[in-house]
Amino acid sequence: MESQYNPQQIELDAQHYWEKNQTFKAKEDPLKEKYYCLSMFPYPSGSLHVGHVRNYTIGDVISRFQRMLGKNVLQPIGWDAFGLPAENAAIKNKVPPAQWTDQNIQHMGRQLRRLGFGYDWDREMSTCKPEYYHWEQWFFIKLYEKGLVYKKNALVNWDPVDNTVLANEQVIDGRGWRSNAKVERREIPQWFLKITAYADQLLNDLDTLTGWPAQVKTMQRNWIGRSEGALVHFQVADMADTLQVFTTRPDTLFGVTYLAIAPEHPLATLVAAKNPSLKGFLAECQTGKVAEADLATIEKRGIDSGLRAIHPISNELIPIWITNYVLMDYGSGAIMAVPAHDQRDFEFAKKYQLPIRQVVARSLTDLSFDIDKQPFIEKGVLINSNHFDGLAYAEARDAILQQLLKDNKGEKQVQWRLRDWGVSRQRYWGTPIPIIYCDACGTVPVPEKDLPIILPESIEFDGVGSPLKKMPEYYNTTCPNCQGAAVRETDTFDTFMESSWYYARFACPDQSMKMFDERVDYWAPVDQYIGGIEHAILHLLYARFFHKAMRDLKLVQTDEPFLRLLSQGMVLKDGAKMSKSIGNTVDPEDLIAQYGADTVRLFVMFAASPEQSLEWSDSGVDGAYRFLKRLWHMVFQQVQQKPTQQELLAPTPAQKDFRRLCHETIQKVTDDIGRRQTFNTAIASMMELLNAIYIFAASPHHNAALTQEALQALLLMLSPITPHITHALMYALGHSEAIVNLPWPTVDVGALAKDTLKFVVQINGKMRAEITAPAHADNKDLEHLALNDENVQRHIGEKEIQRVIIIAKKLINIVIK
RNA sequence: GCCCAGGUGGCGAAAUCGGUAGACGCAAGGGACUUAAAAUCCCUCGGCAUAUGCCGUGCCGGUUCGAGUCCGGCCCUGGGCACCA
């Protein structure tokens, strides 16, 4: 064994061993319990950043840990290869997106290998390859056949100078990022997936996901947003139209003083045609971004449409306003406004001097509330509501609903916040949508036998619109039905489509005849999924939806794709998310060159618990490196000793303490890695154990067999985190089997026993002393011992003792007057 | 604006179910070894006092024998808001 730790050499040796022995090649074995561990696959942006290292190290630690517990582990890796950055790079560097993406995959693949992650590289796949997106196109057609796909108009950001649809990210302060032109909201036809058909399942099944963080489930619940209420029909005066308005507060129906409709609402378009001032207002509403965050923060504005609606019970005429804060995409694009009992409506009514009519009060007699100052949001008793006056919230709600039902002017309704998923993108670098348009036959899905529709890769890319729209050789085709001339859809899929099913495809990436084969039944679902908290809603919801849709097509057998979820925090630098666009990334390659992969892995795992966001700083890496050097040195020292394997017949108290610490550490590290997934505290405990080994080795009680036991346990526990150095050191300690094939250490319960326990003694909750008591002492003994303490006596003095609270194995609190 | 997190020493953090606040590490200061440096090892390290005390976990208030942890109200930072991935 070398006396010096040389990470570069030993890391190559270990990696060579794993490769040569195909250590991480996963084979289906019905006799072994499987464990599928997956970190969210990367977008090949160019090179790895620290966030990737964190993500993939967590996955590797869990995979290697489960392997040591005897599971048949699958840990695959692939590339989420379609996306916008490749198009940007294509414009900037005049290189086709496919070529740019492939280069990045090559480079990042090398970086992942250098970090020593235990992937089954034979399953590597890229979503931009036809072998992959073939089955996405096939699945889309299956959904189409099931009626889960439809086309409708939807809003996009339109750059009127570049004549291009812009992503929200490409709109900066309301202007196109390249043209600097004011962005307009424009409606275009787009394909949608009916995720709302699964809304109830997506909501209810969250309760079965016991391995998911509560925070993520709450976010999804709120996003899906189930609410119960009423759909109220407001007849438009002097017109045939009816406005269908959803409300969660039917009890406030008599407080409605105006209705508000979205600028894109058909009624708005209709009346604006004859009214120039309305037309002007609608045009103003059309500028700006389509993102909800922008719509929610803009100044609320509106204009009286001149139309009137008839109140469904009182028959009063109510003005219909066109406003910029009602979303056409949400519900019916129209709302009823009750300024007296809703904050937003109140503010709008104040601004435009619309009437505010209080219809709910704390009681019939308590009318002290000043409705002119602020809205009354609470539930209460109805007033000013005809014959409904005096009814409390629940009765009022039911009575009004009954009346609406009777008159055929409303019904009970469950409303969801979740909207259908628009999957069309007016971009080149994505999966072609397998649809053909024929003048004679209409919309025709591409037949299975003609799949995949291959995206042409050698193209000219100028940034103005999709190149596919300028390629007749691509879009001109024949109709599968009538064989007449027809054109292809030139839009491509949202890239969330690829990431919604890749986890299942990893079970059989080489299957060329179908989407999945029987191997998916062995590996799915994913036992542990790891990824950034920024994916808590969209990606995870879409993947859950796909999984359920695949289940209903008998492609998978389970209800949910991911059993346990670890949402890792963001890696921040200078207080902001690390990203290439901000330019604050840290390249892990420099750190690997200086310290080796083990130090980088160790430090990233040590710096914070995985769910916390991590403010990146290079300082501290030295500490991780120093720890590994100390570990190397201690094993080197131990190897010179020739330890006796003989057990100690009469260990000294110091030797018992040392062995207890060793087994307490095994217990804690097992719990920290397996249950808590707090790798940072596991590492801290292992550092404490190494510190204790140093002290023990230098003490007169030193025993080589005990040190050997502790060092072996330490190497085994460290091996998921720093697999290379532990590979070398376990051989050095005299093992002939590679550490990667050895089992996780077990706790000797006998070693944990203690003769005495330490108690903190408090007086009125303040710590005043620490006492040592025999392990078997009862509460009386403990109270006696505590009261006998000199410092405790001094603090009690002449005062009267009221209570003594004893918390087992921990604490004694004496309450005095 | 709405939803979800977080705020603890000079710094990264820990405190798992309401029970010793600051484990573990970084930086810094002091010392040992060395011709010297690096490396390594030892000691100190929240603030104020100076023997066993007081204060201290974003701010204000509450519950409790006891609050970083629970409750109410604020402030600030981060993530998401459906076309970044």
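First the proteins, then the strands, lettered A, B, ... as listed; each starts at 1.
- Regarding contacts with the backbone of B:U20, every side-chain N or O of A:Arg768 stays at 4.0 angstrom or more from both OP1 and OP2.
- Judged as a salt bridge (Lys or Arg N to Asp or Glu O under 4.0 Å), the pairs with a partner in residues 675-697 of chain A (not counting sequence neighbours) are, in order, A:Asp671-A:Arg675, A:Asp672-A:Arg676.
- With sequence neighbours excluded, the residues satisfying side chain to side chain contact (heavy atoms under 4.5 Å, CB included) with A:Phe546 are A:Phe139, A:Leu193, A:Trp421, A:Met497, A:Ser500, A:Trp501.
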Could you encode protein contacts along nucleotides 24-32 of chain B as a string, one character per nucleotide from 5' to 3', using B for base contact, S for sugar-phosphate-only contact and - for no contact, with a heavy-atom cut-off of under 4.0 Å? BSSS-----
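- Listed by residue number, A:Ile805, A:Ile807, A:Lys810, A:Leu811, A:Asn813, A:Val815 are the residues of residues 804-817 of chain A with a heavy-atom contact under 4.0 Å to RNA chain B.
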Tell me, what's RNA chain B's dot-bracket, Watson-Crick or G-U with both distances under 3.5 Å, | for other-strand, [ ] crossing? (((((((..(((......[....))).(((((.......))))).(((....)))..(((((..]....))))))))))))....
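- At least one donor-acceptor pair closer than 3.5 Å links the side chain of A:Thr127 to the backbone N or O of A:Ala81.
- Side-chain atoms of A:Asn691 and A:Arg630 form a donor-acceptor pair, as typed in the model, at a separation below 3.5 Å.
- Less than 6.0 angstrom separates the ring centroid of A:Tyr502 from the ring centroid of A:Phe41.
- A donor-acceptor pair shorter than 3.5 Å cannot be found between the side chains of A:Gln374 and A:Gln343.
- In this structure A:Arg178 satisfies the salt bridge (Lys or Arg N to Asp or Glu O under 4.0 Å) test with no other residue, sequence neighbours excluded.
- A:Thr297 comes within contact range of at least one nucleobase, with a heavy-atom separation under 4.0 Å.
- Under the 30°/60° scheme for interplanar angles, the aromatic rings of A:Tyr56 and A:His52 are found to lie parallel.
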